[in-house]
Amino acid sequence: MSHSLLALVVALPLLAAFLPPLLPGAIRRLLGPLALLLVAALGVYLWRITLIEPVSLALGDFRPPLGVVFYVDSVAALFVLAVALVTLLLWPWRGDTSENLDRKQSLTLVLAAACGGLAVSGDLFNVYVFYELAAVAGYGLAAGGGTAAARVATFRYLILGSLGSLLALLGITLIYFRAGTLNLAHLADLAPQTLHDPFGLAAFFLILLGLGVKAELFLVNTWAPEIYATAEARVSALLAGLVSKLALLVLARLLVLVFPLPEARGALLILGMLGMLTGEFAAFRARDIKRMLAWSSIGQLGAAFIAFSIPGSLGLAAGLAIALHHLLVKPALFLLAERWGGGLARLAGAARRSPFGAALFALFALSLIGVPPLPGFWAKYLLLSGLAAQPDNLYLLAGLVVLVTTVVEAVYLFRVIGMLHGRDAAHSEKPQNMALDMTLPASTLAGSGAFAALLLAVALAAPWLTAPLARMALQMNDSAAYVARVLPATATSEATK
Amino acid sequence: MSEFALLTLLIGALGLVALGIGGLVLSRNLFRVVLALALAEAGANLLLVLVGFRQSAWGAIAPIIESGRDAASLTPSMVDPIPQALVLTAIVIGVGVQALALSLAIRAYGAYGTLDMNALRARMETDIDSAAGTQPARCQHAPAGGRPLPPISAGARRADTPGTPA
Amino acid sequence: MLTRYGTLLFAAGFAFLLFVLFTSQPLGAPPMLAGQALLDEAATTVGAANIVTAVVLAYRGIDTLGELSILFAAATAVGLVLGSAHRTLGAGAPREPGGFILRAGVDFLFPLLLLVGFYIIVHGHLTPGGGFQGGVVLAAAFVLPVLARPTETLSHKAMARVEGLAGGVFILTGLGALAFDRAFLAPLLGPGQLGALLSAGTLPVLYLAVGLKVGAELASLLLRLSEDEADA
Amino acid sequence: MNALDILLALSALMPPAALLFGRWRGYAWLAGMVLTGQIILLAGCDLPLAAGMNLEIFGRSVGWRLDAFGRFFALITLGVALASTVYMGGEWGERHAAGGHSPRWLHGALAGNVLAMLLLLSSQDLIAFFIGWELTSWAGFLLMAQGGEKALRAALRYVPYAMSGAMAVLGGLALTLAWTGTLDLAALTGIMPTLDNTKLALLLALFGMGFSIKMGLLPFHLWQAPAYAEAAGAGTAFLGAISARMGLFALALLLVKLMTLTRVADLAFIEGLFTARDLLAWVAALTIVLPTFTALKQNDARYLLAWHGIGQGGYMLLGIVIGDATGSAGGLLHVFNYATYQAALVLAVFAVMHRTGTADLNSLGGLVTRMPLTFLVMLLGIIGLAGLPPMNGFVSKWLVYRSLMLDGRPLLFLMTVIGTLGTILSVYKLIHNTFLGQLRAEHEQIREAPWSMTLPMLALVILAFVTGAAPGLALSWVAEAQAALGLPVLAYTLGGIESPRGNLDMLWIVGVLFAGFGIGALLFYGAGGRSKRVHQLDNYAGGHFLSADVRYHYSDHFYAGLMHRIGPFYRSSFTRLESAVAAATDLAASLMQVWYRQTVPALTLLVAAVLGLSWMIWK
């Protein structure tokens, strides 16, 4: 079977986003979910074949360093699957008007296409394009919350994001200036001679800052609390769960393929540590759930950055585990915050109204903290054992940061759990609390229940998932295989040198 | 093109980037922020084109094969076509982002009646807090002793609610 | 004050660092590893005289698709932010129609702009220009009449159809390659004769789709912004 | 499937069963039968036993294997769980459910605790150990949180402690893996002592902190008393009797089996004078003294017992840190002994609460005629707690004292004696304020607690008495555990120990004691046995009739003189330490939030970009 099907990862959702104005109402509502289902199926298929061997596709049949290349290893395939599934679970089924619903669905599809593209793209500038695509769709969705505060927050997000993109573009320009190619495999091939110097590191740093905006990297993550507090919960879930992971994946790929240098790792490690500290501690003081989740996701992504800074496939395995775990948990928590999104004090006694919802929250919180045997524990275990094995003391310090922030995380998450199970708000003296109905709607419960089912399935299957995870990390770490797969004839690179 | 001219172009492009970023940081007016962004992007795009420039014996040639000329003789002195294509893409991306930014600015102005970034941010924080039902966090500029800020009057808050035309 | 000088200092420092980086190797002599190979083979493989077009539509066609999607996303997002089209015009304050000169000039320019726009688009693979540039001219052609006669507006629905159609054509043309066992976005129909109008395979078709899409997106973006201005 | 598999499988079935059928009245009997079966199975099987389930995760095997040391703790766990479950199944459980609490969740939490502890006690490697450890913590949390608003708050206070402990253990686990390359406990036994002093000290600090928190050792003890005291009755008994001992289990495992005590004694703070082992011993001694005197100040019976629980942990650790055959046997035996009488005492207090509605020592009194069986339980229980013959608490404490003296540590011995003194004072306050003195008019009509409550209590004190009179019964388990842990094994007899430096024969002691009682009774009844029974409220003082509303019951400001002396030492310095940490966290959190409230984030981005680029370029 030809691997040209790879292109459908991007093409199908985009087609489903473009076509609706030409179609009658009944079909256009189904087009998006259908496209996502197909992409999910494709993801499963790709994951199965790529576990054996990665595949690549030269778009337009142009030989690789000239045209754009898609490269799918098992990591990318898994992310393709995750993109489709998570988007499907967070699909906007309802809108204020039919027109706005159309728009939101289109933007969601565009976002899914961009995320899929980020997962599979093997070209630096193409990554930038998909990143911008995800960004613009994200801005649109974030502003779609409809409140004035959402617009201001989105504007600030947009400015920061655009500045980041600018830096990333400068970084790409620098790389092209030095290496004369944009193909990641080609760059990986050339990097030891051309890019492993201060010049290349500077370019990497610029790209790190630029793409870090979406990955909630410390320094460029101030947008997150504002956006997550104002946007619709589903949008926050998409941004925090999905988009951040894809930006992270791209950065990790760049780190592994082109810049496997201690300085680059050091930057990632330090920024990750700072992100973890600031995020988790800020969440400790958060007064409302949405911003608490925002800060907590900043902290979690900081952990992922720390993990990716560990050299070798062990670090990649840890980073992937953390990222995938966060991908399962954070969207579900945001879904629960759709109704429970207000101040913490309003939640008093909400467990009595929605015991199932409260139980789900407790489950996700426990997994986030890393209580065995839930998947979060294995992610944390991989991270810590990876950190402890490094000779550099900075890694040990990072381990300490992880431990301390986990305690802080447990305290604020359990504060919410305590609040949920505490005295009923209806009994309290403040009359304005009585008006709020904290019962979760069935759709929310179904959505986060699906995530919970996935989480529990992963927990049960953990012993059987370690081998694929290790395999994925190995594949991702194998830059020689990447180069060999994308540029099969060494003659190609010889000819262009 | 001489070395000097190239350097001038480089300095010009970098100057645009610096001006843009500086303006982005210093401007408080949303519209100026968008303009500064456009400026910085223009600078970055210029840099990208400049990177693809090639000095050759017969000067630089645009990567277009004029009809009747032999392609093989032209291509060794043509400038790099890839950055030009990239710039085309980058420009269009910039246009889209700027249009979106402007529309957001219009809406923000419509809701809050100001284009000042600081004022908008303060109003946004207030809105977020009142929507969540939490006490607003003390402003970082508040005195260290924690003297409470004067409460926002109910009337002013109502005017901020979304959907009400200003 | 400190912020101001500090910012300027850091912005200058940033520029200086970039200057150091960009002068660390000579300008005007790029490595062009991919670029040179591409220059050498583009004319024969793709058949477009304008090699930039070959890059935009063939070699990096996926970037262009992404770019179109960004425009689409931006237009959709603007629509989402500024609200639905129905209530803006008419509901807002009545606007003065343009003066006689503007109206007459627009009537005169409209067909010319259309012509120029389409010319630029269909010759995109031969001369400088192409779908983006031509699309902008097309957008201008459709926006100008609205400036002249604000009461006559373009139908957003129609424009959405054009957008959808153009985007769909681009992707479907790309997917068409799959039917011939080629990769996504591979140019079909062979390169043809270099320099002829009907050459470079499906590239002109793609550029037409790009032009229409860009024109429609830009026009709807501009119209929405202007409509809302009237409203506010 | 071997015995361990069956044991674990049964325990794993119980939490879901409890959640499904916990509301059904017969559930408690079913669970009791299962627990009884488990005890018989466990007591009868040959050890060590490896569980059939063995997972392979990230290239490391995760498995379970029970040895005699684990069995010792497992038996206590199951026994206490049995008593608590039966207690829960009767009237007390109905009242609990009627108060709006969920019997399903209480049963479920208890069953979950049992499962978690069994997993912990039978862990074969550090991953399985950590899984058990965390499950124990969170199952404990669940049990603590069952008793209403106050209990929830106390349980939430437990969270930062539990997490800090767990994270310290996890950090230690990661470092162990990095430094030794293995996580298997059996393999670590050989490797860990060979690590250099710095690494060993770091591991000791991390693991030690984690385990101490669970045990409630001194700077980390504040969470325990409120969390255990406020839990629902049967839960309090279980938590107080055995839950905290998991920390002791882990510490003993670490100090004796993994690191070896001699190696710990090498880690000197002051060369030749003060070592890590001395530090542990002193922490244990202080843990005996300070919480015991805090218990003295309590006016709530539940808190009084919970504070004692912390103090008694000190004896156990002290015995194990001394590490000779006598001391370690004393420490381990104390785990068992303490569990029997502490569970009985807590159940008795809750029986009183069940009838009177309060555990406030200032509003009880004179209940001895109303609840004689409960009184008997409490009397025997406090004799055990105070460490007096004929109860089993005497035996274990005696062993610890003896080893302290033989080891030449008079100061530590003095501390334990002071602790015991405090215990005696405070348990007298407990029984006096509850059962003796003036009966309150509102308590005139109350009856003895129902059989479902008195039966488990009585069973526990009878056990405490029997093992007090014949400690050899329990010492056989202890000796096995010592052997499994690698400690010198105590030579014991049915009545006590046999040693060239002096024997202990409880059979004789008990016999003499009862002979004394018999002689007293003979004298009394031989002299005619004249006594006159009067109604409890029929009181006169100085010829003046005392009506029921006159308070002459001396309960408030108990030991006023003593408290006046030691009061200045109780300025809640630990509480201040705790709130200082909390305040520091809060301050750090506020500072971090400032970062996310920037007006112009682009500026920081610019600055960072410039600094980062300079670093990259000129590094």
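A, B, ... follow the sequence lines: proteins, then strands. Residue 1 opens every chain.
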Note to self: Less than 4.5 Å to any heavy atom of chain B: does that hold for the side chain of A:R285, its backbone, both, or neither?
What the structure shows: neither
Checklist line | Pair listing, ring pair (Phe, Tyr, Trp, His ring centres under 6.0 Å) test, anchored in residues 26-49 of chain B, at least two apart | finding: none
Margin query: Taking side chain as everything from C-beta outward and backbone as N, CA, C, O, which of these in A:T230 sits under 4.5 Å from a heavy atom of chain B? Side chain, backbone, both or neither.
Written below: side chain
Checklist line | Aromatic A:F284 / basic A:R415 pairing, under 6.0 angstrom, 45° off normal | finding: yes
Next item on the list: Please look at B:L30 and chain A and tell me whether the side chain, the backbone, both or neither of the residue comes under 4.5 angstrom of a heavy atom of that chain.
Entry: both
Less than 3.5 Å apart, which donor and acceptor atoms pair up between the side chains of residues 132-142 of chain A and the rest of the protein, not counting sequence neighbours?
{"from": "A:E132", "atom 1": "OE2", "to": "A:S165", "atom 2": "OG", "distance (Å)": "2.3"}

Notebook entry, point to check: Does anything in residues 83-95 of chain B get under 4.5 Å of chain A by heavy atoms, and if so which residues?
Noted result: B:P83, B:L86, B:T89, B:A90, B:I93
Next item on the list: Could you name each residue pair satisfying salt bridge (charged side-chain N to carboxylate O under 4.0 Å, His left out) that touches residues 9-32 of chain B, not counting sequence neighbours?
Entry: B:R28-B:D116
Note to self: Is B:L24 close to chain A through its backbone or its side chain, or both, or neither, when contacts mean heavy atoms under 4.5 Å?
What the structure shows: side chain
Checklist line | Side-chain (A:R63) to main-chain (A:A58) donor-acceptor, under 3.5 angstrom | finding: no
Checklist line | Contact origin within A:L182 toward chain B - heavy atom pairs under 4.5 Å | finding: side chain
Notebook entry, point to check: Are A:Y228 and A:W223 close enough that their ring centers fall under 6.0 Å?
Noted result: yes
Notebook entry, point to check: Side chain, backbone, both or neither: which part of B:A36 has an atom under 4.5 Å from a heavy atom of chain A?
Noted result: neither
Notebook entry, point to check: Stepwise, does the side-chain hydrogen bond (donor to acceptor under 3.5 Å, both in side chains) test hold for A:R103 with A:N100?
Noted result: CA-CA 5 Å; A:R103 288 177 181 136; A:N100 277 352; 3.0 Å; yes
Checklist line | Contacting region of A:F177 [heavy-atom separation from chain B under 4.5 Å] | finding: both
Item checked: From CG (A:L107) to CG (A:L111), nearest 0.5 Å -> 8.5 Å
